[in-house]
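Bear in mind that the values here come from a model prediction, so they are computed numbers and not experimental data. In what follows, chains are A, B, ... by sequence order, proteins preceding strands, each numbered from 1.
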Amino acid sequence: MAEPKENVLMEKIVSLCKRRGFVFQSSEIYGGINGFWDYGPLGAELKRNVKETWWNTMIRQREDVAGLEATIIMSPKIWEASGHVSTFSDPMIDCKTCKGRFRADQTDEIPCPQKPSKCVNECHGEKTAPRAFNLMFQTYVGPVQDDSAVAYLRPETAQAIFAQFKNVMETSRQKVPFGIAQIGKAFRNEVTPRNYTFRSREFEQMELEFFIKPDEAIEAIHGSVATVPPTGHPGEPQPNWGWQAWHQYWVEERVRYYEGIGLSRQTLGFHIQTPEELAHYARATVDILYKFPFSKRDEKGELKGEELEGIAARSDFDLSQHARFSGKPMGVFDEELRGAWGKLPKEKQDDLWRRYYENRKKYLEKSGVETELASKQATEDANGLAKGQYIPHVIEPSAGVDRLILALIANAYTEETKTDDKGKSETTVVMKFHPRVAPIKVAVLPLLKNKPELVAKAREVYDLVRTQMNSFYDDAGSIGRRYARQDEAGTPYCVTIDFETLGEKPELLNTVTIRHRDDGKQERLPIGDLAAWLLARVR
RNA sequence: GCGGGCGUAGCUCAAUGGUAGAGCGCCAGUCUUCCAAACUGGUUACGAGGGUUCGAUUCCCUUCGCCCGCUCCA
């Protein structure tokens, strides 16, 4: 049976990644370890570049986002508040007869797949004992390994942002609306790591939690919540934006980011989560997908894509949870809201009070707080709103670094077939990375190796550019071979030092050729202009 | 976790119950005035463990890993 061409393509990409040093299997000399991958020299550069573009775009180029770098191991109470401890620890039972897997607490509700008239616990299938399925990696803090020392490697970076919300807001002197962003490792004991590095057990995330005022506060201050066109970028943030406008803003901002590093809109897909898919506290989630070779196809035969990033409107759930579990207030005081509230007509006050009360009560009841207490607490919260206090809502753009790296590699992978004068054709690989993320920005090459003047001049040029950007010097083999090697590494520019550089034609003294990776075209540039020319293109 | 397929050099592949070859790559050298030129030399492998056997890369078992399907995906 012939392999599907998608698999062939994916296998070629995997092979190139190893051959050129983008990705290696972790612990390969010991036979590998499932779900863990290392980045080789080119992959490490690529990943650094990607993280840097994100950090620049999300934090340094903005006035309203602050950075954070939290620990991987945190108080286990964080994961109780976030819900990860309970949702990760469902005991499961496998049926050896029908191969089904069921939650142990539901075997008297779920029908047997083979005999739907009976429940799973009544059918005759041979079943395993209940086994805990905890997708969090567990460890012990301190040398004594007892229950009190249990801790977890974080399954997402987001929770640290919520836990440090107050500290960051205070020290960064930010006011809502503002964001906190973080890049870091996360760990999930995935049942089935699959698709190369796409679903790994150790991976890196780039997450932003952008805190906004609840719509009731916006309405109190501005009279109404802004409506924005249902598609497209809503433009510069406005004070009267509610969660919908902010959500859409971040979806579009993130798409622009992907376009800026070489993933065009056509290579991306979008998935708007349905009400059934949404977590109960989430109001909307849009997933940005990349169409990988291994992605499934829809009814029309179009690639659907796999999730690179999810942009979720998570209401005030997360901060509320941490407020409840830690006993520390997570609300903010809003001078503008307090001032505006007093000027509202009574009916408007009552309306906003009631809506905020209902939302808070719904949250508390969903969280298992008994009705009477929930009503009391929600009343306090709504009274707080009237005094200018609220728990911020949050928009969460959460991206997987390693998934993005794989998308960039798959997107860059291009085969080109050249036929020489003798009719012999040869296929070469060109990695067409955007210059901003390309691992090597420029290769410096003497035209010939056995001419000391060329080599000396090339070393000089190399020393000039290497201080500015990641550069590579190569004098081994023919010039065409060296170009081809750089094509596989995805180097956008090759600088060649030839006899004209040395003054064979006096008017070209101290000029070099710049060869473009994607079309092979060359242009000539004075050495003095080289660094600036390159920097303008790789930043 | 279940079922199926697979595992030989850096990569792609070959052969064999008597310890393995090729192409490409890579390294060194000669040469080479712009897209994997040529020549010379060199480099590197039977995923791991156990069993059967006089002898195992080959047969059997276990294990690890990869691919496909199912399951899972907060």
Side-chain angles (χ1 to χ4, degrees), chain A residues 1 3-4 6-8 10-12 14-21 24-37 40 79 82-90 92-103 113 128 131 133-136 155-156 158-159 186 188-196 198-199 201 277 279-280 282 294 306-307 310 416 418 420-422 424 426-430 445-451 454 475-488 494-502 504 512-517 519-522 524:
Chain A
M1 195 172 71
E3 285 224 61
E6 290 83 4
N7 291 348
V8 174
M10 207 52 219
E11 277 162 24
K12 283 178 177 174
V14 171
S15 165
L16 176 99
C17 281
K18 177 160 192 203
R19 183 155 46 87
R20 281 298 169 195
F24 304 126
Q25 193 176 23
S26 170
S27 318
E28 192 191 72
I29 61 169
Y30 292 103
I33 174 165
N34 193 326
F36 297 87
W37 301 89
W79 308 113
S82 70
H84 287 84
V85 170
S86 55
T87 50
F88 271 43
S89 56
D90 296 330
M92 303 289 277
I93 284 175
D94 287 319
C95 176
K96 291 179 178 173
T97 308
C98 75
K99 311 296 182 200
R101 171 172 292 164
F102 314 95
R103 273 175 58 173
T128 62
R131 283 179 287 199
F133 265 62
N134 198 318
L135 295 195
M136 280 199 291
E156 62 173 36
Q159 292 306 322
R188 294 179 199 181
N189 225 335
E190 295 286 355
V191 178
T192 315
R194 271 289 159 90
N195 291 327
Y196 198 33
F198 186 81
R199 180 178 297 159
R201 290 182 164 134
E277 291 171 310
H280 69 82
F294 53 76
E306 307 292 330
E307 184 184 339
E416 291 185 353
K418 289 180 234 169
D420 65 15
D421 304 340
K422 295 164 195 148
K424 201 175 81 176
E426 190 174 36
T427 301
T428 63
V429 173
V430 183
L445 319 168
L447 184 59
L448 298 173
K449 189 188 183 177
N450 64 350
K451 297 284 187 291
L454 284 178
D475 62 14
S478 73
I479 190 71
R481 182 184 210 77
R482 282 175 274 158
Y483 286 151
R485 276 199 284 251
Q486 293 306 315
D487 285 346
E488 284 200 335
C494 287
V495 166
T496 305
I497 284 71
D498 58 17
F499 293 94
E500 287 159 3
T501 312
L502 302 177
E504 196 173 78
V512 291
T513 60
I514 295 188
R515 178 259 191 190
H516 293 255
R517 175 196 64 201
D519 58 13
K521 293 216 173 79
Q522 297 195 355
R524 210 145 184 115

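- Between A/Ser478 and B/rA37, a side-chain N or O to OP1/OP2 separation shorter than 4.0 Å is present.
- Between the base of B/rC34 and the side chain of A/Tyr483 there is a donor-acceptor pair shorter than 3.5 Å.
- Atom pair A/Leu445:CG and B/rC35:P shows a separation of 13 Å (rounding to whole Å applied).
- Protein atom CG of A/Asp475 is 18 Å distant from nucleotide atom P of B/rA36, rounded to whole Å.
- Rounded to whole Å, the distance from CG on A/Leu448 to P on B/rC35 is 12 Å.
- Applying the 4.0 Å criterion to OP1 and OP2 of B/rU30, one finds that A/Asn450 has every side-chain N and O outside that range.
- The side chain of A/Lys449 places an N or O atom within less than 4.0 Å of a non-bridging phosphate oxygen (OP1 or OP2) of B/rG29.
- Taking the nucleotide of RNA chain B with the nearest heavy atom to each of A/Arg482 and A/Phe36, the more 5' of the two is matched to A/Arg482.
- A/Thr428 comes within contact range of at least one nucleobase, with a heavy-atom separation under 4.0 Å.
- For B/rC26, the OP1/OP2 oxygens have a side-chain nitrogen or oxygen of A/Arg481 closer than 4.0 Å.
- Checking the phosphate oxygens (OP1, OP2) of B/rC26, a side-chain nitrogen or oxygen of A/Arg485 falls inside 4.0 Å.
- A/Gln522 comes within 4.0 angstrom of a nucleotide base, judged by non-hydrogen atoms across all strands.
- Side chain A/Arg515 to base B/rC34: no donor-acceptor pair is found below 3.5 Å.
- With hydrogens and angles ignored, a donor-acceptor pair closer than 3.5 Å exists between the side chain of A/Glu488 and the base of B/rA36.
- Remark: RNA chain B forms stems of 3 or more consecutive Watson-Crick or G-U wobble pairs, all pair distances under 3.5 Å, at B:1-7 with B:64-70, B:10-13 with B:21-24, B:25-30 with B:38-43, B:47-51 with B:59-63.
- In this structure, A/Phe294 has its ring center no closer than 6.0 Å to that of A/Tyr196.
- Contact annotation: side chain of A/Thr192 to base of B/rC72, donor-acceptor pair absent below 3.5 Å.
- The phosphate of B/rG10 has neither OP1 nor OP2 within less than 4.0 Å of any side-chain N or O from A/Lys18.
- Within 4.0 Å (heavy atoms only), A/Arg201 reaches no atom of the nucleic acid at all.
- At least one side-chain nitrogen or oxygen of A/Asn34 sits closer than 4.0 Å to the OP1 or OP2 atom of B/rC66.
- In this entry the distance linking CZ of A/Phe294 with C1' of B/rC67 reads 13 Å, nearest Å.
- Protein atom CZ of A/Arg19 is 14 Å distant from nucleotide atom P of B/rG10, rounded to whole Å.
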